[in-house]
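Comments concern the structure below.
Each ligand, and each atom within it, is numbered from 1 in the order the structure gives.
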Amino acid sequence: MILKYNGPLQMQINDIAQVAEFMWQKGWAERNAGNITVNVTEFIGDENRNLPAITRIPLYHTVPELAGQYYYVTSAGSRMRDIARNPMDQGIITRVAAEGKSIDILADKDLPPTIELPSHLLMHQMFAQEAIQQGNPVSAGRRVVFHTHPTELIALSHIRELHSTKAITEALYEMHSEVKMCVPRGLAWVPYEMPGSMELAKASIKDLKNFRFMLWERHGVLGTGTNILEVFDAVDTLNKAAKIYLYVHLLRS
Ligand code: 2HA
Ligand code: ZN
């Protein structure tokens, strides 16, 4: 059996491809930088629900709340510019198996998922708990985990005076009035942890309830939300404010 690309699922995959293209064009995706996971359960359709597993991958951290949820996941080492060209050649559709102890790769190819998958699933688990608490289905909550390397925001993460959620948020709000409307809760500050580590995931989880976006010191941004294009737009707006910050400080120096 193969995945059937119904309209809604295809549109989700098209949006992911478009965002991957934007990331590359903006210079936020050098080499294999960045990764994306999107909960596509609402779009999978009856025709794909029972696809057999190509491969089963055990999870060290079980995610029982996510059992039966479907995700698009970028593959390990994939380049955003390649995902843009062919998102199903560099990414996979997965389903979390019963009890949340493993994930099944369903389509199209047997590719290893991003090494960030355990940390992304930890975040999706938090979104699921959030949705369940509010009496909503898991897939109706935040669906997107998006990680990228926006140059100017990373540059700002080197400035010591900006090393707090309050300081970085206020600096960006002051630079560009649009940011407050687009990211009303602000940008959470996360001190340096090794890329890809569970320490980084755990440090991020702490603020994920209250914040949708976070700045990882000397590394990049993590964005979450319901729609990947909106998540991208918010990161783009944050990075524009960071760019203005750098211009203003250049002009003043
Ligand atoms: O997946 O950006 O932080 C590549 C990365 C790791
Ligand atoms: Zn990264």
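A ring-centre distance under 6.0 Å is found for H147 and H219.
Note on ring orientation: taking the six-membered ring where Trp is involved, the planes of F146 and F232 are perpendicular (angle over 60°, cut-offs 30° and 60°). Under the 30°/60° scheme for interplanar angles, the aromatic rings of H120 and H124 are found to be tilted.
Scanning the protein for heavy atoms near atom 4 (C) of ligand 1, the closest one is N32 O, 3.3 Å. Closest protein heavy atom to atom 1 (O) of ligand 1: N35 ND2, 2.7 Å.
Checked for salt-bridge contact, E42 and R143 meet the test: a charged N lies under 4.0 Å from a carboxylate O.
Checked options L117, L208, I205; the residue passing with L122 is I205 (criterion: side chain to side chain contact (heavy atoms under 4.5 Å, CB included)). Under the side chain to side chain contact (heavy atoms under 4.5 Å, CB included) rule, Y71 has a single partner from I103, L66, T41, which is L66.
Of the candidates G34, S197, A29, P195, the one placing a heavy atom closest to atom 5 (C) of ligand 1 is G34.
Listed by number with element, the atoms of ligand 1 under 4.0 angstrom from any heavy atom of E116 are 3 (O), 6 (C). The ligand atoms of ligand 1 that sit less than 4.0 angstrom from a heavy atom of A33 are 2 (O). Remark: ligand 1 atoms within the under-4.0 Å shell around heavy atoms of H149 are 2 (O). Contact atoms of ligand 1 toward H219: 3 (O) (distance under 4.0 Å to a heavy atom of the residue).
Between atom CZ of residue F127 and atom CG of residue L121 there is a gap of 11.0 Å, rounded to the nearest 0.5 Å. We find the CZ-CD1 distance between R95 and I44 to be 9.0 Å, quoted to the nearest 0.5 Å. Atoms CD and NZ, from Q133 and K209 in turn, are 5.0 Å apart once rounded to the nearest 0.5 Å.
For a threshold of 3.5 Å applied to N or O pairs, the pair formed by T114 and ligand 1 contains no separation below that value.
Counting heavy atoms closer than 4.0 Å to ligand 1, residue I115 contributes nothing at all.
Distances shorter than 2.8 Å separate the Zn ion (ligand 2) from the protein N/O/S atoms H147 NE2, H149 NE2, H219 NE2.
Side chain of N6 to backbone of F43: a donor-acceptor contact under 3.5 angstrom is found.
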